[in-house]
2 protein chains.
Amino acid sequence: MSPRKSAAESRRTRDRIIDRSIAIASVEGLDGLTIGRLATDLGMSKAGVLGHFGTKETLQLASLDGASAIFSRAVWEPAAGTAPGLARLRAICEYWITYLEREHGAFPGGCFFTTAAVEFDARGGPIRDAVVRRSLLWRRRLANEIRYAVDAGELPSDTDPDQLVFELIGLYTGLNQAIQLFADPKAQERTRRALARLLAPAPEEAR
Amino acid sequence: MSPRKSAAESRRTRDRIIDRSIAIASVEGLDGLTIGRLATDLGMSKAGVLGHFGTKETLQLASLDGASAIFSRAVWEPAAGTAPGLARLRAICEYWITYLEREHGAFPGGCFFTTAAVEFDARGGPIRDAVVRRSLLWRRRLANEIRYAVDAGELPSDTDPDQLVFELIGLYTGLNQAIQLFADPKAQERTRRALARLLAPAPEEAR
DNA sequence: CCTACCGATCGGTAGG
DNA sequence: CCTACCGATCGGTAGG
């Protein structure tokens, strides 16, 4: 009953709430998420849940952060060990496919960020802002990786990094839809085929 | 007060409800749509709104049908006059870009179907089924158009229609996100650049 | 198409 | 972390 133990337990409860919240929101959306449903799932009272966050919006933002960490751990971190440039870019793209697979289990309802982005893209407010900030961060990282590959001569010198980012985002949004809406078993293979074209190496010699 | 006039007016009211419902749902989602909000916007009572449909779900399905008609009128019908094959395929893709522009005004919150697809892709039920059916219909039409262009020798003979459909859907989902989430003024141009590669004509002569 | 109403659930608070 | 409660809103119904 020391304050230290109590704080640690509180932290664990908070994490449990966020985990469950992410699972629900990936299916029902961040707005479809309700405190009552969350409390029932966790065997807690609504006040107990809300006490950790104050308001639903704070909980939604915390869930976004938690989902962000999951994405990082599934895609960016495993690729961090690969050599920068085209090799790492391809590693990121491959982990990204795995991350979206139904069996991966990160999010039962498909990519949390695709759902959140579409849910809030026409509204204002702190959640939309947070989604935009996260997306821009990842787009920037992706563009940096592409730029490195171009500078190293691994991608054609006339590659427009932002254009490639644009096409990659579209490709993966499409992959998520093919998996979630159609359970298309060929979706991964189709993504890899498109990637082979988008990330085709520069020819060894200049003409 | 003849029954004929009454029926016509009822029809007009029904259309007004659906129009407003589509506008709300494109921003808030089909689940975020509420009868109360709809009634307030239209200056009607909740019972008056619900009387036309019976249940919220029926109204949601009717809104999906209405949005479907808007998409058809904006994309498929204008392209119907173009010669089948690559020319029509390009016309469809161009009208599709226009349809997604913010200024187009079809849907204030971006493509209704992208929103609905992501909203219901992890759930079951009649709305999800209706979204899947519509999407499959359009994918099939698109694939048919591609097949025609391949058979006419306008696209490379080794083109996989379903692969191209997959990449096109991703491209346009990405375009919708770039417009709605980032208000990216270059999004249309980027889409056209990607299209130029995806729909590059077959070389005139075989090697 | 309306008023008047139903039970259920929403986010959130008071007080412990 | 709980019980007990708040006003507001939800989808939907009865009756006209």
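Gln60(B) places a side-chain N or O within donor-acceptor distance of the main-chain N or O of Leu30(B), the cut-off being under 3.5 Å. The closest donor-acceptor contact from the side chain of Gln177(B) to the backbone of Ala117(A) lies at 3.5 Å or more, if one exists at all.
Screening Trp138(B), Phe71(B), Trp96(B), Tyr95(B) for a ring pair (Phe, Tyr, Trp, His ring centres under 6.0 Å) involving Tyr172(B) leaves a single residue, Trp96(B).
Between Thr13(A) and dC1(D), a side-chain N or O to OP1/OP2 separation shorter than 4.0 Å is present.
Helix-axis bend for the helix from dC1(C)-dG16(D) to dG16(C)-dC1(D): the local axis fitted to the five terminal pairs at one end deviates from that at the other end by 0°, rounded to 10°.
Counting only heavy atoms from C-beta outward, the side chains of Asp158(A) and Val150(A) never approach each other to under 4.5 Å.
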Item to complete: Start with the C-alpha distance between Lys186(A) and Asp160(B), add both sets of side-chain angles, then the distance that settles salt bridge (Lys or Arg N to Asp or Glu O under 4.0 Å), and finish with yes or no.
Response: CA-CA 13 Å; Lys186(A) 295 186 188 162; Asp160(B) 175 346; over 6 Å; no
Practice prompt. Take Arg141(A) and Asn144(A) through the side-chain hydrogen bond (donor to acceptor under 3.5 Å, both in side chains) test and state the conclusion after the steps.
Written response: CA-CA 5 Å; Arg141(A) 281 195 203 173; Asn144(A) 285 341; over 6 Å; no
Practice prompt. Would you mind building the protein contact string for nucleotides 9-16 of chain C? One character per nucleotide, 5' to 3', B for base within reach (heavy atoms under 4.0 Å), S for sugar-phosphate only, - for untouched.
Written response: -SBBB---
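Here the closest non-hydrogen pair linking Ala143(A) and Asp162(A) is CB-OD1, 4.2 Å.
Within a 6.0 Å sphere centred on OH of Tyr148(B), other residues, nucleotides and ligands contribute 12 heavy atoms or fewer.
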